[in-house]
Each structure stands twice: as C-alpha cells, then as structure tokens.
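Below: one structure, written as structure tokens.
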Amino acid sequence: MALSNNVIGAINFVAMLLSIPVIGAGIWLATEPDNSCVKILQWPVIILGMLILKVALAGFVGGFWRIPWLLIFYLIAMLILIILLACLTVFIYMVTVRGSGHRVPSRAYLEYRLDDFSGWLRRRVHSSYKWNRIRGCLSSSNTCAELNQSYHMAQDFFNAHISPLQSGCCKPPTECGYTFVNPTYWISPINIAADMDCLKWNNDQNQLCYNCDSCKAGLLANLKREWRRADIILLITLIALICVYLIGCCAFRNAKTEDLFRRYKQGYT
C-alpha cells in the first residue's frame with residue numbers, strides 16, 4: 001500500500017502543477033487593459049485555479065502521509081472542481097462563439113458591430129452605469145495614444161492591423177467619411193447620417209468614440225479574442241486533470257484493495 005500511496009501523492013503533485021496554467025490564464029487576463037476594465041472572467045479563473053491547487057495539495061499530503069479521509073476529500077472535491085472547470089470552459093466558448101469583424105474598403109483593419117455578439121456579452125456593456133465605469137477606465141489607458149506614436153501617414157494607418165478595441169474606440173466608423181488628420185483626430189465627415197456613431201465621434205482625446213456602439217463592439221471583440229485563448233488553456237488543463245483524476249481513482253482503489261488483502265493475510269477479516 002505504501003507504493004500505491006506514493007503513486008497517489010505523485011499524481012496529486014502533477015495535479016498541483018496543472019493548477020498553474022489556470023492561475024496563469026487568470027493573471028494574464030487581469031493584466032490585459034480591456035479585461036482589467038471589465039473584470040468579468042479573470043477572478044473566477046484565478047479562484048478556480050487556487051482551489052484546484054489547494055485540493056491537489058490535500059491529495060498530495062493524504063497520499064504520502066496515508067491519511068484516508070484526506071484522500072476521500074480530494075476525490076470528491078476534485079471531481080466537483082473538474083465539473084466547474086468544464087462548465088466554465090463550455091460557458092466561455094458559448095458566449096464567444098458569435099461576433100466577428102467586418103472588412104471595409106481600402107482598410108486592413110476590421111470594424112465591429114455590437115449586434116454581432118452574444119446577448120450575454122452585450123448585457124455586460126449595455127447599461128449606462130456599467131459603460132460609464134468601463135469607458136472611464138479605457139480612456140485613461142494608452143490604447144489610443146499608442147496609435148499616434150506608431151502611425152503618422154493616412155495610408156500607413158489604413159494598412160495597419162490594429163486591435164478591435166483601437167478600431168472601435170479610437171477612430172470614427174469608416175462609413176462616416178471623416179478625413180484623416182492623425183489616428184485619433186478626424187475632420188469633415190461626408191455622411192454623418194450613415195451611423196449614429198458618426199454623431200458621437202469627438203476629437204477630444206478623452207472622448208473620441210468611447211461613447212460609440214462601435215467601441216463597445218470593439219471591446220467585446222477584444223474580450224472574445226483573449227477569452228478564446230484562455231479557453232484553450234483551460235480546455236487542455238481540463239483534459240489533463242481528468243486523466244490525472246482517473247489515474248488517481250485507480251491508484252486509490254488499488255491501495256484499498258492491497259490494504260484489504262494485507263488485512264486478510266494477517267487474519268483480521
């Protein structure tokens with residue numbers, strides 16, 4: 001049984017290591033400017049990763065120090081966490097399955113429409129109370145200011161592959177027909193009736209298109225791109241955790257069988 005317990009402990013050590021990608025994904029999301037403004041996904045991911053780490057540590061201790069009740073706690077708690085991780089992985093996929101950019105003539109970057117995204121994501125930016133807080137956070141970042149440092153000529157900017165957030169918040173919609181002065185300063189619109197966002201554009205560097213629906217759409221497109229990357233990490237970790245959990249269950253069952261067999265041989269049955 002000592003060998004089986006050591007195997008269980010080693011398996012749980014692997015489970016502890018698997019918590020690192022989950023925690024890392026949450027920390028990475030928290031460091032992204034858009035996610036730090038919205039604050040939806042990063043904390044659930046980080047908390048789930050920390051719980052996996054603690055439960056795996058309990059299994060590690062229970063395996064090496066032969067504490068049966070701690071191993072049983074590990075098996076039950078880890079199963080619950082695996083189910084939660086699976087639900088989170090599926091949820092992220094479902095809310096990000098919709099929403100993609102639209103090409104516009106003579107532009108390398110894409111433009112985004114709010115109606116293209118899932119209803120759950122749209123509700124995160126729909127209310128004025130939520131958006132005012134997010135808008136203030138976005139406008140205080142260097143997201144748009146970076147464009148002025150990188151692109152000085154109109155054609156260079158039109159050929160740039162800027163982020164969805166920059167496309168939606170830092171410039172007016174292309175169909176408005178504004179004339180380029182610099183990436184965040186545009187004049188003389190041709191068709192301000194083409195889109196309601198045409199009227200919302202403001203050359204004030206603290207306003208720009210932060211009140212536009214295109215900015216909300218660009219934010220959601222940015223979130224979608226980052227959440228999808230995090231979801232891949234969570235999916236790979238989920239598959240690995242399931243494999244480790246199943247091996248752990250088999251090792252625990254073998255340890256119990258060995259213990260019963262040892263008791264039988266010693267005449268305690």
Side-chain angles (χ1 to χ4, degrees), residues 32-35 37-38 40 95-128 130-132 134-229:
E32 293 298 303
D34 48 349
N35 274 282
C37 291
V38 180
I40 299 176
V95 299
T96 58
V97 72
R98 292 178 53 194
S100 58
H102 300 270
R103 294 194 175 278
V104 290
S106 304
R107 302 289 189 272
Y109 50 74
L110 304 178
E111 297 196 348
Y112 301 86
R113 298 169 187 164
L114 190 57
D115 291 339
D116 291 340
F117 294 89
S118 67
W120 188 88
L121 276 179
R122 292 202 305 271
R123 287 193 292 274
R124 306 285 74 78
V125 298
H126 180 70
S127 72
S128 58
K130 292 179 180 178
W131 183 248
N132 285 339
I134 296 171
R135 182 188 61 194
C137 178
L138 292 176
S139 63
S140 65
S141 70
N142 294 324
T143 301
C144 294
E146 291 174 353
L147 294 177
N148 292 331
Q149 299 172 4
S150 303
Y151 308 103
H152 303 288
M153 304 297 293
Q155 198 56 48
D156 291 339
F157 180 70
F158 297 156
N159 292 332
H161 295 278
I162 60 179
S163 72
L165 188 63
Q166 290 172 326
S167 175
C169 303
C170 304
K171 64 169 192 58
T174 301
E175 60 185 345
C176 303
Y178 277 86
T179 300
F180 176 94
V181 176
N182 66 44
T184 61
Y185 196 91
W186 301 69
I187 59 174
S188 306
I190 296 173
N191 185 11
I192 59 174
D195 192 303
M196 287 299 297
D197 286 346
C198 300
L199 297 172
K200 296 177 182 178
W201 169 259
N202 194 311
N203 282 314
D204 183 335
Q205 298 299 294
N206 291 319
Q207 297 188 39
L208 300 178
C209 221
Y210 289 118
N211 286 319
C212 301
D213 284 348
S214 64
C215 185
K216 297 177 181 179
L219 172 65
L220 296 185
N222 246 47
L223 293 179
K224 173 186 173 180
R225 183 174 63 180
E226 292 162 4
W227 288 13
R228 278 297 182 89
R229 292 174 182 172

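Each residue takes its place number in the sequence, starting with 1.
Between Leu114 and Lys216, the closest heavy-atom pair is CD1-CB, 3.9 Å. Across Asp197 and Asp195, no two heavy atoms sit closer than the pair N-OD1, 2.8 Å. Contact detail for Ala221 and Pro164: the closest heavy-atom pair is CB-CB, 3.5 Å. Taking both residues in full, the closest heavy atoms of Ser141 and Thr143 are given as OG-OG1, 3.0 Å, listed atom of the first, atom of the second, then distance.
The OG atom of Ser163 sits 5.0 Å away from the CG atom of Asn222 when rounded to the nearest 0.5 Å. One finds the CZ atom of Phe157 at 5.0 Å from the OH atom of Tyr109 (value rounded to the nearest 0.5 Å). Atom SG of Cys137 and atom CD1 of Ile134 lie 8.5 Å apart (nearest 0.5 Å). Between the CZ atom of Arg225 and the OG1 atom of Thr96 there is a distance of 13.5 Å, given to the nearest 0.5 Å. With rounding to the nearest 0.5 Å, the separation of CZ in Phe117 from OG in Ser100 is 7.5 Å. The distance from atom CG of Asp204 to atom OH of Tyr185, rounded to the nearest 0.5 Å, is 10.5 Å.
Applying the side chain to side chain donor-acceptor pair (under 3.5 Å) criterion to Thr184, with sequence neighbours excluded, gives Asn148, Asn182, Gln205. For Pro172, the side chain to side chain contact (heavy atoms under 4.5 Å, CB included) criterion is met by Tyr178, Trp186, Trp201, not counting sequence neighbours. Partners of Arg113 under the side chain to side chain donor-acceptor pair (under 3.5 Å) rule, at least two apart in sequence or in another chain, do not exist in this structure. For Thr179, the side chain to side chain contact (heavy atoms under 4.5 Å, CB included) partners at least two apart in sequence or on another chain are Ile187, Ser188. Shown here are the salt bridge (charged side-chain N to carboxylate O under 4.0 Å, His left out) partners of Glu111, two or more places apart in sequence or in another chain: Lys171. Partners of Asp156 according to the side chain to side chain donor-acceptor pair (under 3.5 Å) rule, which considers only residues two or more places apart in sequence or in another chain, do not exist here. Scanning for side chain to side chain contact (heavy atoms under 4.5 Å, CB included) contacts around Asn211 gives Arg135, with sequence neighbours left out. Gln155 is linked by a side chain to side chain contact (heavy atoms under 4.5 Å, CB included) to Phe158, Asn159, counting only residues two or more places apart in sequence or in another chain. When the side chain to side chain donor-acceptor pair (under 3.5 Å) test is applied to Asn35, the partners found at least two apart in sequence or on another chain are Glu226, Trp227.
Pairs passing the salt bridge (charged side-chain N to carboxylate O under 4.0 Å, His left out) check and including a residue from residues 98-109, sequence neighbours excluded, do not occur. Sorted by first and then second residue, the pairs that involve residues 114-125 and meet side chain to side chain donor-acceptor pair (under 3.5 Å), not counting sequence neighbours, are His102-Asp116.
The SG atoms of Cys144 and Cys169 are placed at least 2.5 angstrom from each other. Remark: Cys209 SG to Cys212 SG, distance under 2.5 Å.
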Run the side-chain contact (heavy atoms from CB on, under 4.5 Å) check on Leu110 and Ser167 step by step: do they pass?
CA-CA 7 Å; Leu110 304 178; Ser167 175; 5.8 Å; no
Going through the checks in order, is the side-chain contact (heavy atoms from CB on, under 4.5 Å) test met by Asn203 and Val181?
CA-CA 11 Å; Asn203 282 314; Val181 176; over 6 Å; no
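With Asp34 contributing its side chain and Leu219 its backbone, the two residues share no donor-acceptor pair below 3.5 Å. Judged by distance alone, with hydrogens and angles left aside, the side-chain atoms of Asn202 form no donor-acceptor pair with the main-chain N or O of Gln207 at under 3.5 Å.
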